[in-house]
Protein chains: 2
Amino acid sequence: MTRDEILDAAAQIFRQKGYHATSMQDIANAVKLQKASLYYHVNSKQEILLMILDRALDILIARMQEVMAMPLSPEEKLRRAMIAYFQIMLEQRDLASVLLLEYRSLEPEFRQRHIPRRDHYEHLWRELLNEGKNQRIFHVSDIALAARFLLGVMNWTITWYREDGRLSPEELAKECANLFVLGLKVRENGDQRKN
Amino acid sequence: MTRDEILDAAAQIFRQKGYHATSMQDIANAVKLQKASLYYHVNSKQEILLMILDRALDILIARMQEVMAMPLSPEEKLRRAMIAYFQIMLEQRDLASVLLLEYRSLEPEFRQRHIPRRDHYEHLWRELLNEGKNQRIFHVSDIALAARFLLGVMNWTITWYREDGRLSPEELAKECANLFVLGLKVRENGDQRKN
DNA sequence: CTTAAACTACCGACCGTTCGGTAGAGTTGA
DNA sequence: TCAACTCTACCGAACGGTCGGTAGTTTAAG
């Protein structure tokens, strides 16, 4: 039994039941250990949560940095970043869900340790929007706000997206990107989209 | 002591700590009653949660129906609906937070009772988008998906919006609506926005 | 012989809920 | 008018159960 196996199992149950509704007994059952044995591998339930959150953000940050380093236009980078985000959301469903929905369950001292990673990730998205603004490709009046709206749409999808649904992460990202990049309103001079 | 006072207090604590991290003792303390006395007014903790969720959605539905009944263009209706939404989010902060963040804590039987209201509300937004599409004002390839994205951005703001922040609900709604209606990309033929 | 990794057994605290009881206000009948 | 009764709103105590966590012991591999 490794620490990572415990984290994976915990993430799965946290996602299903939520942090507070999950007991250490639940986690122990999932990895076929006695509850007490968990404490050989981890220090506390809060630590488990923190490690899950950190791990999830590390994955998101790594993928985002890859995209940012590509020699692409800001618009294309945005589309790729969104695809990457939705892919991670599907492939690392448990981690992503816990990151987005159980952040509130982190007690203050643990939250303090987690915040820098959060800020780093949000900063990457602001950077992306800023590139687009500087190159006169994006119209953004408030970068920080736009980044939050952008992350908001994507974050909320975790609450309703089903992996057995009809939409793949790519299709989801495409629809979302179209909406954000082109807007709802029809563009008079030849709308390049088709239904 | 009335049932409503208990619901208000519960909503406030649920928002701060989350449903599962809130004990009946916490709620009792807030309304200066003994824990046992709560059970004279309500049947269970789950019932408290359900009543809060229902009440929150009733407010949202009522305001949305008002906006839908106005003789306005779809674009203007969308903007008004967004303003209304953010206003409720600020004025009924506790109710709205619990509605968005604690829905998951409803046990299946209680959830069943709550779902119709949810569907009704989401349907109103789809109706709004559909009006715009039929009048060739909005370009929407997938109404249901667009409605979810739309609700997603707004719902997520509850996680970061502070009432002491620099943005009023109206300003927030304006920025959000601009982003959604006009999109990020600059429009060649005279962008009507200004920074 | 050591040590990592698991176990059994247990702790005090707290959980949501129920119970029996009661103070006091309101209602009723003589 | 006043005793008898009922109802509302609340209380203290306790219930069975679960919680996160700890102490001490056994097992298995090197």
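Only heavy atoms go into these numbers, but all of them, side chains included; no hydrogens, no water, no symmetry mates. All chains are named by letter (A, B, ...) in the order of the sequence lines, taking the proteins before the strands, and each is independently numbered beginning at 1. All of these numbers come straight from a predicted model, not from anything done at the bench.
A search for ring pair (Phe, Tyr, Trp, His ring centres under 6.0 Å) contacts involving B:F180 returns A:F180, not counting sequence neighbours. Residues forming a side chain to side chain donor-acceptor pair (under 3.5 Å) with A:E5 (at least two apart in sequence, or on another chain): A:T2.
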Please write out the pairs of protein N or O atoms and N or O atoms of nucleotides 3-5 of chain C separated by less than 3.5 Å, giving the distance to one decimal.
residue	atom	partner	partner atom	Å
C:dA5	OP2	A:Y40	OH	2.6

Determine, for nucleotides 20-26 of chain D in 5'-to-3' order, which nucleotides have protein heavy atoms under 4.0 Å from the base (write B), from only the sugar-phosphate (write S), or from neither (write -).
-> BBBB---

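In this structure, CZ of B:R3 is placed 14 Å from C1' of D:dA9, rounded to the nearest angstrom. Rounded to a whole Å, the CG atom of B:D4 is 14 Å from the P atom of D:dA9.
Contacts classified as salt bridge (Lys or Arg N to Asp or Glu O under 4.0 Å) and involving residues 32-54 of chain B (residues at least two apart or in different chains) are given here: B:R3-B:E47, B:D54-B:R117. The list of ring pair (Phe, Tyr, Trp, His ring centres under 6.0 Å) pairs with a residue in residues 8-34 of chain A, not counting sequence neighbours, reads A:F14-A:Y19.
Exactly one of A:R55, A:R15, A:R93 qualifies for a salt bridge (Lys or Arg N to Asp or Glu O under 4.0 Å) with A:D8. That residue is A:R55.
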Under the side-chain hydrogen bond (donor to acceptor under 3.5 Å, both in side chains) criterion, do B:S23 and B:D26 qualify, and how do the steps go?
-> CA-CA 5 Å; B:S23 68; B:D26 292 332; 3.3 Å; yes

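Ring geometry for B:F149 against A:F86 counts as tilted: the plane angle lies between 30° and 60°, on a 0 to 90° scale. Relative ring orientation between A:W156 and B:W156 is described as perpendicular, the plane-to-plane angle rising above 60° on a 0-90° scale split at 30° and 60°.
Distances shorter than 4.0 Å separate none of the side-chain N or O atoms of A:Q34 from OP1 or OP2 on C:dA6.
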